K.L.:
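Have a look at the structure that comes next, please.
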Amino acid sequence: MQRLTSPDALEKLRAELAGKRQAIKKTVFVCCGPGCLANGSRKIADAIGLQMEKQKVDASVGYRRCTTGCHGFCEQGPLVIVQPGDIFYCKVKPSDAATIVERTVKGDELVERLLYLDPGTKQRCKAFTEIPFYAKQTRVALARIGTLDPTDLGNAIASGGYASLAKALFTMKPDQVIDLVDRSGLRGKGGGGFLTGRKWRSCVKAPGDRRYVICNGDEGDPGAFMDRATMEGDPHCVIEGMIIGAYAVGSHEGYVYVREEYPLAVEYMQLGVDEARKAGLLGDNILGSDFSFDIKISRGGGAFVCGESSALMRSVEGKVGEPRAKYIHSVERGLWDQPTVLNNVETWATVPVIVQKGVDWFRSMGTKGSPGTKAFSLSGQVRNTGLIEVPMGVTLREVIFGIGGGLFKRRTFKAVQTGGPSGGCLPEDKLDLAVDFDELTRAGSMMGSGGMIVMDDRACMVDVARYFTAFLVDESCGKCVPCREGTKQLLALLTDITHGNATEDHLARIEALAATIMQASLCALGKSAPNPVLSTLKQFRQEYLSHIEKKRCPAGVCKPLTRFVIDEETCTGCGLCLKACPVDAIRGEKKKPHTIEPSKCITCAACREVCPVDAVEVAS
Amino acid sequence: MSTLVKIKIDEKEYEVPRGRYLLAICQENGIPIPTLCHHESVEPWGGCRLCVVEFRKKRWDSWWTELATACLYPAEDGLCVWTRSEKVMKARRTILDLLLARCPGSEVITKIAAEHGVYQTSFAKREGEDNCILCGLCTRVCDRVGARAIATALRGALKEVSTPFGEPPPDCLGCLSCAHVCPTHTIGHTEADGKRTVWGRTFELVRCSGCGAASVTREQVEYAVRTKNLSPEYFVKCDACKRRESAATFAGLLFDERKGGEGPVGPTGSGPSHE
Ligand SMILES: Cc1cc2nc3c(=O)[nH]c(=O)nc-3n(C[C@H](O)[C@H](O)[C@H](O)COP(=O)(O)O)c2cc1C
Ligand code: FES
């Protein structure tokens, strides 16, 4: 790529690349996001490439194959999209390549069996715009992911990449950029929801020799992959956002902190930075202006706590990733004690879009207090798991039942966990809650970085609290006593409950300990560590009491407190459970009610899993 | 730094330099604050959380109170602090309860806990191990000395102070600074037959050419010579002998003066060169 030395040169290149793209007859996009890759999409991409060559519909005659980042609908992966026409093929196998190329690329037919079957309407969707999972989303930060090759800067430029940077550098003063972001009401997507414009302004006001900008790509929440998908799917939108931010606050050096467990994200971000530098979009005199800025990639060891701002900065400095007291904010004294702006991947990715489309457009989405959109990774017991982006203010119901397609057959909704490991669980009566930073906090959970785990009636909320607490015990940096020792003891108390060893005063002890952990811990990990326990205790106290007083786990998860029985009336005698039982504890003749031998049963729940009529129940 | 600000501690007004840490202010004014991870030779750290105090201040537009560690909280104008409020004492008691569960055998913790009305732990006890409370003083002092021989390893409940790969630490000087600052006296060390053992490593001690007492390790001497530009001669005599010698020199000097002798010898601190 040539070095771009003026905004005009960038625009000229964009027009040229976009023109070339117009000439392309068809493009086959193969999703190579984390989910699809794991399901072998690389092989599909290869097979499609091979077939295109074989069937003579390759680049030389105006056809293109493009491997992209995550399309979001991982549940249905591997995904292949053919444009124009928004044709969406799911659960594709390498052996489908020949058919797809022959019928859809060369010809103009659809391969019916690969189209998505809408379980609601029982119809196959011809275009992905018809699929409820996509139709109900609004993509801003994730907008370009899936439509371009993340390893090709030209792709990003053709799609309008770096145009916002040119606009900011040549038509706006730094302060005007801050003002714009401020007025947009953009709030940080890393968890705290701090106003981005306010943060930038504090940084500018703080005295210092140098200023830094950092992108937080630690993404330590188990199951969350919004930031990963962004870095792997559209690294240039993150880089562009960072350059704009750096220009606004007067920084010349930036870091992208990525966990080493994301090798592809590390690779693509590095590649993106190198390419951008070669094109004159990073380094000295960006686009021929007198602004200079460069980015380094900093790899983290993947500790959850390293996502916390002060720990992250210590880690970038090459020290142990332990948090520091924040009586002085890191905007004022951050990396190497200099004023530093730290923003999340998604926050940075949103910045160029705001610069491009303006405040009014941005504020037209979302709620008054939380304008814009938010990406979530939807997981757990919903039909459509994957990566989504929705306007703030949509209801949980809309997300879980609209986009997520609801729960599986015969299962009912019990709770949704939001906010990552230190978030909280919300029960059914909160389903109509409008999802934004303030509403979630008010309801006793939090936004966090956007994890959303759906749980059905077979989830035990005490066990859920225990699971997240155990995660935090391991992930506490161990520096301060309340967090290190306190969470350990909290886990011990919860384990007592799930093992049936709890006494009446356990709940009071948990609450007292939780209060001290929250008040006295050093960093936000400790301060929020009791959330999983406190929120489940608030919403599902009866379930705790049942464990303690009746020594019964109503969900049938805590083994010492569970005894399974087969309901005579419901059982059809199909015999599936009998086959599934690993210890031969089930007896019964065909077509007659079966029974479980309690002395043999190990409460593995295999019978319950396979029973087609839900006849296996937890004994009262 | 030198601007004075008015703050209130336990309803009493004080005028203190802006930015001075509350713990220092309390200590200077005889207000007792328990601490376990603080030492004047290293930067404040905020790990033990025993020094929490309750403070009230205005942020944005509303007043709020919160707990903060005195060791790290800088004084600012109008700050109101309570060092023994109910919230403070409750937090300290829980922290001591937790520490007692971690180190049921520690006399130091048992004593401080008892002073706060915690006579036994209400939590599950950690089983028969050392009395390390992970206050980080040993590793921070070691860093300060410049040896960096020990560090904390792992995180969360598995965190521990350790030597590289759990082996006798190659960079250790055997100076025992770590053992001296350890609030629970849990860093084991022995000294016998002119040898000192700490962290599983044995050091040879350098004998004083005056009295024959052994007090510093060869590694310490070498390190000081290398990094502080001191003459190796400096360590040949122990402090007591050096003091004795300079006293004698001084006495001799006075004696000589009366007889109209020569001028003073070097300052006592640097020690007379031997031979
Ligand atoms: C324990 C802990 C873990 C965190 N992990 C992350 C993370 O993985 N990614 C992230 O962007 N922010 C994380 N945060 C929030 C950051 O500290 C910080 O607030 C955020 O990166 C600021 O960016 P934003 O203003 O764009 O949200 C974490 C905070 C805590 C306390
Ligand atoms: S002395 Fe302040 S936290 Fe230990």
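These figures come from a predicted structure and were not determined experimentally.
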K.L.:
Just verifying a value: how many Å separate Arg102(B) CZ and Arg484(A) CZ, rounded to the nearest 0.5 Å?
P.N.:
5.0 Å
K.L.:
Report, as yes or no, whether the 6.0 Å neighbourhood of atom CZ on Arg333(A) holds more than 12 heavy atoms from other residues, nucleotides or ligands.
P.N.:
no
K.L.:
Determine whether more than 12 heavy atoms belonging to other residues, nucleotides or ligands lie under 6.0 Å from atom CD of Glu261(A).
P.N.:
yes
K.L.:
Indicate the atoms forming the closest heavy-atom contact of Lys90(B) with Ala512(A), along with that distance.
P.N.:
NZ-O, 4.2 Å
K.L.:
Show the nearest heavy-atom pair for residues Leu522(A) and Trp45(B), with the distance to one decimal.
P.N.:
CD1-O, 4.0 Å
K.L.:
A quick test of your reading: do over 12 heavy atoms of other residues, nucleotides or ligands sit less than 6.0 Å from OH of Tyr467(A)?
P.N.:
no
K.L.:
What part of Leu67(B) lies closer than 4.5 angstrom to a heavy atom of chain A: side chain, backbone, both or neither?
P.N.:
both
K.L.:
What are the two closest non-hydrogen atoms of Tyr327(A) and Pro74(B), and how far apart are they?
P.N.:
CB-CD, 4.2 Å
K.L.:
Over all heavy atoms of both residues, which pair between Ala303(A) and Arg155(B) is shortest? Give the atoms and the distance, please.
P.N.:
CB-NH1, 3.5 Å
K.L.:
Can you give me the closest heavy-atom contact between Gly46(B) and Cys480(A), atom names plus distance?
P.N.:
O-CB, 4.2 Å
K.L.:
Of all the heavy-atom pairs spanning Ala101(B) and Gln489(A), show the shortest one and how long it is.
P.N.:
CB-NE2, 3.6 Å
K.L.:
Please examine the side chains of Ile133(B) and Val481(A), heavy atoms only from C-beta on, and report whether any two atoms are closer than 4.5 Å.
P.N.:
no
K.L.:
Any non-hydrogen side-chain atom of Thr152(B) less than 4.5 Å from a side-chain atom of Glu322(A)?
P.N.:
yes
K.L.:
Check whether Ala151(B) gets within reach of chain A through its side chain, its backbone, both or neither, counting any heavy atom under 4.5 Å.
P.N.:
neither
K.L.:
Please flag which part of Thr516(A) lies under 4.5 Å from any non-hydrogen atom of chain B: side chain, backbone, both or neither.
P.N.:
side chain
K.L.:
Should Arg49(B) and Glu485(A) count as an ion pair when the cut-off is N to O under 4.0 Å?
P.N.:
no
K.L.:
Which residue out of Arg509(A), Arg324(A), Lys479(A) racks up the most heavy-atom pairs below 4.5 Å with chain B?
P.N.:
Lys479(A)
K.L.:
Let me know if Ser521(A) has heavy atoms under 4.5 Å from chain B in its side chain, its backbone, both or neither.
P.N.:
backbone
K.L.:
How long is the span from the CG atom in Leu98(B) to the CD1 atom in Ile517(A), to the nearest 0.5 Å?
P.N.:
7.0 Å
K.L.:
Between Ala157(B), Ala91(B), Ala124(B), which has the largest tally of heavy atom pairs under 4.5 Å with chain A?
P.N.:
Ala124(B)
K.L.:
So, taking the atom named CD in Gln519(A) and the one named NZ in Lys87(B), what distance separates them when rounded to the nearest 0.5 Å?
P.N.:
5.0 Å
